[in-house]
Enquirer: 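Below is one structure. I have some questions about it.
Everything numeric in this text was worked out from a predicted model, so none of it was measured. Letters go in sequence order (proteins before strands), and every chain restarts at 1.
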2 protein chains.
Amino acid sequence: MIDKLEYLMALARERHFGRAAEACGVTQPTLSAGIKQLEAQLGVLLVQRGSRFIGFTPEGERTLDWARRILADSRTLQEEMRALKSGLAGQLRIAAIPTALAMVAELTTPYRLRHPEVRFTIFSMTSIQILTALENLEIDAGITYLDNEPLGRVNMVPLYRERYCLLTSAEAALGNRDSVTWAEVSRVPLCLLTPDMQNRRIIESLLRAAGGEPRPMLESNSMIVLFAHVRTGQWASVMPEKLAETLGLTETIRAIPITEPEAVHTIGLVVPPREPMTPLAAALVAEARRIGSDLNIEARKQTESGV
Amino acid sequence: MIDKLEYLMALARERHFGRAAEACGVTQPTLSAGIKQLEAQLGVLLVQRGSRFIGFTPEGERTLDWARRILADSRTLQEEMRALKSGLAGQLRIAAIPTALAMVAELTTPYRLRHPEVRFTIFSMTSIQILTALENLEIDAGITYLDNEPLGRVNMVPLYRERYCLLTSAEAALGNRDSVTWAEVSRVPLCLLTPDMQNRRIIESLLRAAGGEPRPMLESNSMIVLFAHVRTGQWASVMPEKLAETLGLTETIRAIPITEPEAVHTIGLVVPPREPMTPLAAALVAEARRIGSDLNIEARKQTESGV
DNA sequence: CCGGAGCAATAGGTTTTTTCAATCGTTCTA
DNA sequence: TAGAACGATTGAAAAAACCTATTGCTCCGG
């Protein structure tokens, strides 16, 4: 029965019998028959049949909810047993929003020191994709904004606060400044993430609040692309401080803090709200708490010294 | 995999491969092989092997916890689908402590009016048995004391309050009284439930508190046996008011309220703390709340008029 | 110390289930 | 109207699940 629920989940993900079958490592007739069996066992139609995949019936949607739960539990069971036998080992799938990609290393590196047998897969996703992927058990944890747009039901661990910089050549218009305002930035032609990214939406709203109208000269869903363009000295972009540092500043490229207002958003780890967590996920949360509390202490120190 | 988890649960219940197999409707080698497969799949030993069944390994115990969850969820899924298809139907297994057996009808009767297709199985169990049976998914709900001895993790719905009467012949020592004290009762030879019953322990502690030493002349785990003896006119017993009423009083048998102190214990419905509940269990809880609130209102009225 | 009873594991054979390759029927599109 | 895409169907082969019968072990009673 558990296999059949896997089929159903795959079908929900792929919305296509053939691809779902491939994802499950079986042929299309096998998956087709599996779904049929599930329908027979439950005595209800789960999939709306037509010449092609249309969607699920209400019963099918409800069954999917249960499948998520049951599969999550059965995977946790399996992983827990493996952890008991041979220590923490296995695969940890983490998705992060592009602006947080560089900081994933701060999480994975100490994790790996504690648990050398764990392998990682890191995905770059939009914050919305992260939430659905968490739901569908495609990833174990996500790194995304905690405080901007509504999250689903997840457990959160704050990691750090994102402050924004103008990344530009020292020879460019604002290149010699020590700080700039959002109003000034709004007049610079920028390279920005695509609008499906939350970071883009945040920056747009900040620019608009400062009275400007965002008109990016170049869009990409990859921070690498943006940085590569800035690096030529001919383009400018807005990036989180942390990311700019990681990507490395040269003599000619400067990261200039943007003030007025100093916009801050919290980035953190999100995991499914299931109790108990898989051992791998639990260890990741522990790691995140360490980093998070470090940064909180840091932030507090800064605040105190600032006063 | 789900079948294998069923095997494991049955083995935990029966503590015997053969009987567990029979309970699952398979032969002993099949169940044996099933457990082996589960062990292979999880990569750990689950059962302590010896010449006979000894017990589970720590990993086995942990796996049992998960099995309970996973099986409960998968059953809820199946039942929910059946409820969607053909309305509320199926089997509802309820266990009650002996003193509450008579009141089960107050729950099942209105339930049946609302949902005529649901069939019931009622077990008489001790309060401790009820809790383990709930854990092991052998019953869907229990009726037991809510306030005396510690319950496990369950959701509770109060149903009524148990007040105690001396049940005795009108010609016997205290037979002509309108009320008696626990101290007086402690000097009467009684028929009581066996000591594994919580009711017996409650009554014993009340008798001891009144300075007496309980010396029951006859013990049974069946209230019917106790009542049958009292009915001869030659024996006496202590019973909850509600039960005495249901069993029927004759001219010669009287139920005399016991006061000083007026001991009251709450009896209620207990269900596993799983969210969401099966449709059948949810309907039972709804019914219990109706009865419970009725009685609460009644109790309040009594209190008010008493003041 | 021996023999029988009770219990779980194993062996061997049968049935059932699962799976896949090939094909079909339908629907949408160019 | 031909072709492509998609899911259902079919039939044969492979895998598995299951059962009966048996074995091997341990514990007890004599």
Enquirer: When you measure from the side-chain N and O atoms of Arg49(B) to the phosphate of dA8(C), is any distance below 4.0 Å, counting only OP1 and OP2?
Expert: no
Enquirer: Return the value, rounded to whole Å, for the distance between atom CD of Glu22(B) and atom P of dA8(C).
Expert: 13 Å
Enquirer: Would you mind reporting whether Ile139(B) and Leu134(B) have side-chain heavy atoms less than 4.5 Å apart?
Expert: yes
Enquirer: What is the distance, rounded to the nearest whole Å, between atom CZ of Phe53(A) and atom P of dC28(C)?
Expert: 16 Å
Enquirer: Using a cut-off of less than 4.0 Å, is there contact between a side-chain N or O of His16(B) and OP1 or OP2 of dG6(C)?
Expert: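 Result: no.
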Enquirer: What string of B, S and - do you get for nucleotides 14-26 of chain C, 5' to 3', if B is base contact, S is sugar-phosphate-only contact and - is no contact with any protein heavy atom under 4.0 Å?
Expert: ----SSBBB----
Enquirer: Of all residues at least two apart in sequence or in a different chain, which pass the side-chain contact (heavy atoms from CB on, under 4.5 Å) check with Arg82(B)?
Expert: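 Partners of Arg82(B) by the side-chain contact (heavy atoms from CB on, under 4.5 Å) criterion, ordered by chain and then number, come out as Glu79(B), Ser86(B).
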Enquirer: Looking at dA8(C), I'd like to know if its phosphate oxygens (OP1 or OP2) sit under 4.0 Å from a side-chain N or O belonging to Lys36(B).
Expert: no
Enquirer: Applying side-chain contact (heavy atoms from CB on, under 4.5 Å), name anything that partners Gln129(A), two or more places apart in sequence or on another chain.
Expert: Met125(A), Thr126(A)
Enquirer: Decide yes or no for Leu92(B) and Leu284(B): does some side-chain heavy atom of the first lie under 4.5 Å from some side-chain heavy atom of the second?
Expert: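 Heavy-atom side-chain distance check passes, below 4.5 Å.
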Enquirer: Without placing hydrogens or testing angles, list every side-chain donor-acceptor pair under 3.5 Å for residues 18-26 of chain A, not counting sequence neighbours.
Expert:
none

Enquirer: Please find the earliest and latest nucleotides of DNA chain D, in the 5' to 3' direction, that have an atom within less than 4.0 Å of any heavy atom of chain A.
Expert: dC6(D) to dT9(D)
Enquirer: Which heavy atom in Ile2(A) sits nearest to a heavy atom in Ile2(B), and how many Å separate them?
Expert: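 Of all heavy-atom pairs spanning Ile2(A) and Ile2(B), the closest is CG1-CG1, 3.4 Å.
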Enquirer: Just to verify, what does Arg68(B) make a side-chain hydrogen bond (donor to acceptor under 3.5 Å, both in side chains) with, not counting sequence neighbours?
Expert: Asp65(B), Asn136(B)
Enquirer: Quickly work out the Leu31(B) CG to dA9(C) C1' distance and round it to whole Å.
Expert: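 Distance, rounded to whole Å: 12 Å.
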Enquirer: Can you tell if the side chain of Thr121(A) reaches within under 4.5 Å of the side chain of Gln91(A), non-hydrogen atoms only?
Expert: yes
